[in-house]
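In what follows, a single structure is set out as structure tokens and then discussed.
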Protein chains: 2
Amino acid sequence: MNFMVSEFAMDKGNIIEEEDGDGEIQSFFNSAPPLRNNGNDINAKLECFNEMNINGGRRRRRRIVCVTSGGTTVPLEQRCVRYIDNFSSGHRGATSTEYFIKAGYSVIFLYRRGTFQPFCCSLPDDPLLQLQDSYSEAVKRAIADHHSMLRMIAISFNKHGPNAMFYLAAAVSDFYVPWQTMAEHKIESASGPLNMQLAQVPKMLPVLRQHWAPKAFLISFKLETDSKILLKKAAAALEKYKMDMVVANELSTRKEEVVVVTRTENIRVRRDMNLGVDDDVEHPLIQLLVQRHSTHINTNSDLC
Amino acid sequence: MNFMVSEFAMDKGNIIEEEDGDGEIQSFFNSAPPLRNNGNDINAKLECFNEMNINGGRRRRRRIVCVTSGGTTVPLEQRCVRYIDNFSSGHRGATSTEYFIKAGYSVIFLYRRGTFQPFCCSLPDDPLLQLQDSYSEAVKRAIADHHSMLRMIAISFNKHGPNAMFYLAAAVSDFYVPWQTMAEHKIESASGPLNMQLAQVPKMLPVLRQHWAPKAFLISFKLETDSKILLKKAAAALEKYKMDMVVANELSTRKEEVVVVTRTENIRVRRDMNLGVDDDVEHPLIQLLVQRHSTHINTNSDLC
């Protein structure tokens with residue numbers, strides 16, 4: 001297995017080009033905080049596992065997955081002291097990546113700095129992976145051209161047709177404070193209660209489905225704390241965003257079981273208790289996904 | 001040097017006893033989220049450095065400091081998916097602790113799990129320190145009796161009179177969502193913008209000064225992003241909370257310089273650039289604090 005690591009910042013520039021035609025998303029990225037391109041501030045990284053398998057080898061049977069992992073944050077002040085975060089540790093994305101690699105997939109792993117990484121749970125934040133300069137430069141160029149990581153990956157995935165999978169496990173922020181309305185300085189605590197209005201982050205899933213990777217096998221996640229509404233919300237997301245599958249998980253049991261929601265069925269997937277603590281729910285989950293991806297590839301083989 | 005480590009949870013119980021007489025604070029702790037007493041949920045730990053020096057040795061000249069370190073978070077949902085955090089890494093508290101120990105102080109280090117720890121910057125989250133069971137049990141008992149860590153430490157410090165110092169470097173949350181008004185489940189993102197009203201966290205500094213440790217040498221911190229208001233706000237805090245010193249730091253330069261604000265002067269303290277990256281601003285800062293603590297001890301020697 002080859003590792004390749006490249007590190008860069010997302011840019012707030014024109015992530016959506018004109019043909020994507022979504023004013024709300026364009027407006028969101030235009031009003032997002034500027035991200036700085038230095039080592040301390042970059043909080044997103046890209047890693048490619050099984051890279052030789054991506055660019056060479058048996059072209060026809062090659063399978064590739066983009067895994068997004070970890071949470072995102074939104075600042076409450078322009079000179080940020082406080083921010084809204086979420087509980088995500090990146091465990092789901094990192095563990096799933098291990099099983100995708102074992103299943104022979106090439107994996108693009110897009111994660112937040114400091115969150116779990118595949119095969120590196122006991123290593124420090126920045127494991128020493130081999131840096132392949134040529135690729136690193138290509139990524140930097142793409143970013144300098146005002147493209148986002150996800151868009152860049154999606155479009156480069158397009159040539160793989162139905163062989164490409166997106167496994168969107170990252171817990172992205174739902175709400176944010178637009179840059180123009182954000183306090184510049186640390187918000188004063190002496191002047192009474194704080195009223196905050198948070199805007200909704202526009203959804204990228206429709207753009208991914210319709211414009212960036214229309215032929216890919218798309219899997220999104222739905223996490224809720226209320227099991228009564230979980231499956232309904234997962235089914236609604238499946239329909240609304242035209243996903244191939246939605247993985248529904250409840251906060252308190254997410255490490256034990258998930259429900260994979262498709263257009264025709266709800267499949268409950270549980271961690272194998274007989275295997276003890278060494279097993280995890282991602283093991284049977286990725287097995288199921290690989291099977292269904294095979295069906296997707298066969299059904300859409302004319303698109304290859 | 002002896003290390004001792006003990007681990008426990010703060011309890012939302014009666015942190016303020018009747019004699020403290022502050023309804024707002026009592027109400028805050030009564031409406032705080034319940035904290036769970038298991039290894040995964042505990043995010044505060046207590047460590048004692050130079051413990052032998054605390055309980056034995058030259059009684060008359062013994063000096064002791066309680067250092068609080070790292071940030072705190074406030075949940076936005078009862079079954080917490082999202083929370084408000086702040087940038088604090090605990091670097092100030094951990095580095096300062098090293099210099100206090102070098103200056104011969106006994107140190108109680110109260111920090112958030114996962115933040116920097118003295119002498120352990122390159123070690124994993126839970127360095128292997130010697131656990132002294134007898135002390136651990138005493139701490140657990142105190143907590144079970146519904147006392148907070150800070151209160152327990154403050155009251156046990158009282159016998160040290162002016163020899164005790166509190167160095168309150170932790171970045172505690174200024175705003176919170178009261179438990180009763182907090183959404184139980186993950187807040188829905190589909191129903192438009194989110195309006196949040198955050199209440200002010202009541203200040204503990206007056207209680208510490210007036211009730212818990214009236215004779216101690218008290219140092220609090222003021223961090224701002226706007227240098228124009230920093231010194232004014234630090235001076236206001238010094239006056240309002242009857243601190244002995246307020247360390248004023250600006251977000252962007254906090255690792256290079258701070259200003260120590262006292263009733264009679266503002267003392268600018270800078271990292272020694274001649275010593276290169278190996279030095280830090282905490283080095284001259286703790287030197288200054290130790291000198292001023294000596295003056296405080298001499299001035300108040302009748303209280304020893």
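Reminder, nothing fancy here: chain letters follow the sequence lines and each chain counts from 1.
- Between A:Glu224 and B:Val81, every side-chain heavy-atom pair lies at or beyond the 4.5 Å cut-off.
- With a threshold of 4.5 angstrom between heavy atoms, A:Gln78 does not approach chain B through any atom at all.
- Using a 4.5 Å cut-off on side-chain heavy atoms (C-beta onward), B:Asp174 and A:Lys186 make contact.
- At a 4.5 Å heavy-atom cutoff, the contact between A:Leu251 and chain B is made by side-chain atoms alone.
- Here the shortest heavy-atom pairing between B:Tyr83 and A:Phe87 reads CE2-N, 4.0 Å.
- Using a 4.5 Å cut-off on side-chain heavy atoms (C-beta onward), A:Glu188 and B:Ile229 make contact.
- In terms of heavy-atom pairs under 4.5 Å with chain B, the best-connected choice from A:Ile84, A:Ile187, A:Val201 is A:Ile84.
- With contacts defined as side-chain heavy-atom distances shorter than 4.5 Å, the pair A:Phe175/B:Arg82 qualifies.
- Chosen from B:Asp226, B:Leu223, B:Leu194, B:Val74, the residue pairing most often with chain A at heavy-atom distances under 4.5 Å is B:Leu194.
- Looking only at side-chain heavy atoms (C-beta outward), B:Ser189 and A:Lys203 come within less than 4.5 Å of each other.
- Taking the side chain as every heavy atom from C-beta outward, A:Met196 and B:Leu198 approach each other to under 4.5 Å.
- Looking at heavy atoms from C-beta onward, A:Asn195 lies out of side-chain contact with B:Asn195 at the 4.5 angstrom threshold.
- Atom-to-atom distance recorded for B:Arg79:CZ and A:Thr225:OG1 is 6.0 Å, nearest 0.5 angstrom.
- Nearest heavy-atom pair, B:Gln200 versus A:Gly192, reported as atom, atom and distance to 0.1 Å: OE1-CA, 3.1 Å.
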